[in-house]
A.B. asks: 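The structure that follows is given in the form of structure tokens.
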Amino acid sequence: MRRLITPLAALLLLIAGCAPPRTGTLGPAPAGPSPAAAAAPTGTPAPSPPATRAPTTPATTGTPTAAAPTGPDGTLTVQLWFARDGKLVPTRRTLPATVATSRLALTELAAGPSPAESATGLTTLVPPGTQVTRIAGGVATLVPPAGFDAGGAATARLRRAQVVWTLTQFPTVRRVAFAPADTATGRDDYADLLPPIVVTDPAIGDRVSSPVTVAGTADVYEATVSVRVLDAAGREIGTAFTTASCGSGCRGAYRLDVRYRHAAAGRGTVEVYEVSARDGSRINVVRIPVDLAAAR
């Protein structure tokens with residue numbers, strides 16, 4: 001029995017040795033992964049390179065615009081800087097909204113003050129035809145009309161200051177360039193043309209009620225700003241004071257509410273002033289004619 005088994009076993013071993021093995025290489029080893037694929041986690045395909053987009057050119061219009069908020073009633077309020085006694089004085093207009101806000105503001109500036117504003121001494125030095133040609137990078141560029149710089153250096157500078165302070169109220173305009181000059185100027189370049197007290201609120205002709213909000217900027221002694229409200233007969237019906245955020249050699253902002261009493265509805269005046277450190281008198285007085293609501 002041992003003789004029959006041994007040749008059979010030998011035959012089986014010979015057949016097994018000729019069959020291909022179940023393990024081992026299955027041909028050439030694959031090439032190693034690319035650096036991009038090697039960096040990708042297992043089971044995650046390697047990221048493809050980002051698609052390339054053709055550069056786009058921003059759309060342009062024939063009228064430069066400056067962003068400004070529009071009211072819910074479709075109106076736009078713009079601040080205009082007129083001149084009085086060689087200084088800059090603000091007022092404002094509420095007009096139908098338009099996308100060409102820079103054109104609107106300069107047109108109103110050239111049109112000049114209203115009769116009520118003229119009665120307080122306001123005037124304009126800006127001629128018609130002063131328009132913005134482009135706004136880019138925070139700079140509004142103008143090509144002034146002929147004779148824009150007439151009247152002497154001081155007058156020309158005040159005229160430019162009117163334009164700069166009016167246009168830079170818009171967030172898209174920080175400086176203004178008057179072609180062909182390359183230098184753009186901003187508000188700081190004309191800060192010396194502001195009076196000691198600037199009143200931005202209320203504006204001439206506003207209808208106000210008690211308490212009336214008074215705001216602006218000032219460079220006054222010890223930063224103290226005083227306000228009084230007068231009725232149509234000139235009687236003092238309300239008074240208050242506050243301190244600006246800076247003063248005595250620097251300009252700071254101020255804001256306060258002033259209550260008034262015993263007033264019939266009608267004309268009145270808001271006076272903003274500085275009390276003289278020398279004799280206690282009212283100096284640097286700014287008078288704003290307003291329309292008072294009745295108050296008890």
Side-chain angles (χ1 to χ4, degrees), residues 57-70 75-195 198 200 203-205:
T57 302
T60 58
T61 62
T63 303
T65 61
T70 301
T75 60
L76 177 71
T77 299
V78 295
Q79 192 176 70
L80 306 176
W81 288 83
F82 289 126
R84 182 171 60 205
D85 299 328
K87 298 293 185 180
L88 293 167
V89 179
T91 188
R92 59 175 175 254
R93 297 278 189 279
T94 299
L95 302 161
T98 174
V99 295
T101 52
S102 59
R103 174 175 293 179
L104 174 68
L106 290 179
T107 298
E108 290 295 317
L109 194 63
S114 67
E117 293 163 346
S118 294
T120 69
L122 295 190
T123 187
T124 188
L125 303 175
V126 178
T130 305
Q131 296 296 342
V132 175
T133 58
R134 69 190 293 262
I135 297 174
V139 176
T141 301
L142 291 84
V143 178
F148 185 82
D149 287 328
T155 298
R157 184 167 181 262
L158 183 55
R159 182 180 295 118
R160 289 177 177 239
Q162 279 189 256
V163 172
V164 170
W165 274 75
T166 296
L167 287 181
T168 52
Q169 72 185 286
F170 304 119
T172 53
V173 180
R174 298 188 299 275
R175 301 176 73 79
V176 178
F178 296 85
D182 295 328
T183 303
T185 56
R187 288 192 169 193
D188 288 347
D189 296 293
Y190 305 98
D192 60 301
L193 294 178
L194 296 176
V198 172
T200 56
I204 295 171

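Heavy atoms only: backbone and side chains are in, while hydrogens, waters and symmetry mates are out.
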A.B. asks: Begin with the C-alpha distance, continue with both residues' side-chain angles, and end with the deciding distance and a verdict on side chain to side chain contact (heavy atoms under 4.5 Å, CB included) for R157 and D192.
C.D. replies: CA-CA 11 Å; R157 184 167 181 262; D192 60 301; 2.8 Å; yes
A.B. asks: Rounded to the nearest 0.5 Å, what separation is found between the CZ atom of R175 and the OG1 atom of T185?
C.D. replies: 6.5 Å
A.B. asks: Mind checking the CZ-CG spacing from R92 to L76? Nearest 0.5 Å is all I need.
C.D. replies: 13.0 Å
A.B. asks: Looking only at atom types and distance, does a side-chain atom of T133 sit under 3.5 Å from a main-chain N or O of T141, one as donor and one as acceptor?
C.D. replies: yes
A.B. asks: Would E117 and R93 pass as an ion pair if we require N to O under 4.0 Å?
C.D. replies: yes
A.B. asks: Taking E108 for its side chain and L80 for its backbone only, find out whether a donor-acceptor pair lies under 3.5 Å.
C.D. replies: no
A.B. asks: Measuring from L106:CG to L167:CG, what's the distance to the nearest 0.5 Å?
C.D. replies: 4.5 Å
A.B. asks: What I'd like to find out is whether the side chain of T130 reaches to under 4.5 Å of the side chain of P145, using heavy atoms alone.
C.D. replies: yes
A.B. asks: How long is the straight-line distance from CZ of R84 back to OG1 of T123, given to the nearest 0.5 Å?
C.D. replies: 11.5 Å
A.B. asks: Taking all non-hydrogen atoms of both residues, which atom of L109 and which atom of W81 are closest, and how far apart?
C.D. replies: CD1-O, 3.4 Å
A.B. asks: W165 vs V176, test: side chain to side chain contact (heavy atoms under 4.5 Å, CB included). Steps then yes/no.
C.D. replies: CA-CA 9 Å; W165 274 75; V176 178; over 6 Å; no
A.B. asks: Quick one: does R134's side chain have a donor or acceptor within less than 3.5 Å of a partner on V139's backbone?
C.D. replies: no
A.B. asks: Does some side-chain heavy atom of V164 sit less than 4.5 Å from a side-chain heavy atom of F178?
C.D. replies: yes
A.B. asks: Working to the nearest 0.5 angstrom, can you tell me the gap between L104 CG and T98 OG1?
C.D. replies: 6.5 Å
A.B. asks: For a salt bridge (Lys or Arg N to Asp or Glu O under 4.0 Å) check, start with the C-alpha distance between D149 and R159, then their side-chain angles and the critical distance, and finish with the verdict.
C.D. replies: CA-CA 8 Å; D149 287 328; R159 182 180 295 118; 5.0 Å; no
